[in-house]
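From a predicted model like this one, the values you see are computed outputs, not experimental measurements. We number each residue from 1, following the sequence as shown. All heavy atoms count here, side chains included; hydrogens, waters and symmetry mates do not.
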Amino acid sequence: MEKINFKIDLEIITHKDVKEHPFVNISINGYPQFGEILEKSTVVDIDVEIQQDTDNFLTIEYMNKDPENDVIFNETSILKDKRVEIKNISINDIALDYFSFENKDTLTYESLDGKEKHTGFEATKLSWNGRTTLKFTTPVYIWILENL
């Protein structure tokens, strides 16, 4: 087993007219690690043990955006919005550089309706209900060396 620490720096963009602040759920390999309504930006700190020599995934989900009430428009643009942005992900205190991933599928975002799909840095913007997934392998230090 390998002990791994994740620090996920989340920026919460919201406004006073929303009914409910963003709900963020974080899981590793499908096992829930964090789930809260976030009123302000925060760093989520997670410690896990993962089997050696395995393929794994960290998932960050944003689940409660109501397009009718949480987005305020004028005729030409969005005035106010509710969304979550991943400012940084660190693994064992090593910050990931989203721009350097050689494989575009390492960091992906998909909206729940399947209409929005993004990779790399663009996958750090959870602007609709959906999930960002980081794929990694263990041992994690070797994965970091190979991917950063």
F136/F6 under ring-ring contact (aromatic ring centres under 6.0 Å, His included): CA gap, chis, key distance, verdict = CA-CA 12 Å; F136 64 97; F6 292 91; 5.5 Å; yes
Heavy-atom side-chain contact between L107 and T119 under 4.5 Å | no
Determine which pairs satisfy side-chain hydrogen bond (donor to acceptor under 3.5 Å, both in side chains) with at least one residue from residues 25-35, sequence neighbours left out, and list them in order.
-> N25-E61, N29-N56
Report yes if some heavy atom in the side chain of Y141 is under 4.5 Å from a heavy atom in the side chain of N92; otherwise report no.
-> yes
When you look at E116 and E110, which way does the side-chain contact (heavy atoms from CB on, under 4.5 Å) test go after all the steps?
-> CA-CA 6 Å; E116 296 285 326; E110 184 172 359; over 6 Å; no
Would you give the length of the straight line joining atom CD of E20 to atom CD of E39, rounded to the nearest 0.5 angstrom?
-> 10.0 Å
For P139 and E2 the tightest heavy-atom approach is CA-OE1, 3.1 Å
Contact check, side chains of T54 and T137, non-hydrogen atoms, under 4.5 Å | no
Residues 83-90, side-chain donor-acceptor partners within the protein, below 3.5 Å, at least two apart:
from : atom 1 : to  : atom 2 : distance (Å)
R83  : NE     : E85 : OE2    : 3.0
R83  : NH2    : E85 : OE2    : 3.4
K87  : NZ     : E11 : OE1    : 3.2
N88  : ND2    : S90 : OG     : 3.2

Any K82 side-chain heavy atom under 4.5 Å of N64 side chain | yes
Here the pair of heavy atoms bringing K65 nearest to N129 is N-OD1, 2.7 Å
Quick one: closest heavy-atom pair of H21 and I37, and the distance?
-> O-CG2, 3.5 Å
Any side-chain heavy-atom pair from W143 and T138 closer than 4.5 angstrom?
-> no
Please name the pair of heavy atoms, one in S111 and one in K115, separated by the smallest distance, quoted to 0.1 Å.
-> OG-N, 3.3 Å
Can you sort out the partners of D93 under salt bridge (charged side-chain N to carboxylate O under 4.0 Å, His left out), two or more places apart, ordered by chain and number?
-> K7
Can L10 be reached from F23 by stepping across I, L, V, M, F, W or Y side chains whose heavy atoms are under 4.5 Å apart?
-> no
Less than 4.5 Å apart, any side-chain heavy atom of I4 and any of I91?
-> yes
Nearest heavy-atom neighbours spanning Y62 and P22 = CE1-CB, 3.7 Å
Y109 side, atom OH; F121 side, atom CZ - distance, nearest 0.5 Å = 15.0 Å
N/O donor-acceptor pair under 3.5 Å between T59 side chain and T133 backbone | no
Return yes if some donor-acceptor pair links the side-chain N/O of S41 with the main-chain N/O of I12 below 3.5 Å, else return no.
-> yes
Heavy-atom distance under 4.5 Å between the side chains of I8 and V43, does that happen here?
-> no
Using the rule that two of Ile, Leu, Val, Met, Phe, Trp, Tyr join whenever any of their side-chain heavy atoms come within less than 4.5 Å, decide whether V24 and L112 are in one cluster.
-> no
Are V44 and L58 grouped together when hydrophobic residues (ILVMFWY) are joined by side-chain heavy atoms under 4.5 angstrom apart?
-> yes
Could you give the distance from CG (N103) to CG (N147), rounded to the nearest 0.5 Å?
-> 8.0 Å
Just wondering, do T132 and T108 contact through their side chains at under 4.5 Å, heavy atoms?
-> no
Should we say atom CG of D47 is surrounded by more than 12 heavy atoms from elsewhere, each under 6.0 Å from it?
-> yes
Hey, quick one: are I94 and V48 part of the same hydrophobic cluster, counting side-chain heavy atoms closer than 4.5 Å, chains of contacts allowed?
-> yes
If you take all heavy atoms of L96 and L134, which pair is closest and at what distance?
-> CD1-CD2, 3.6 Å
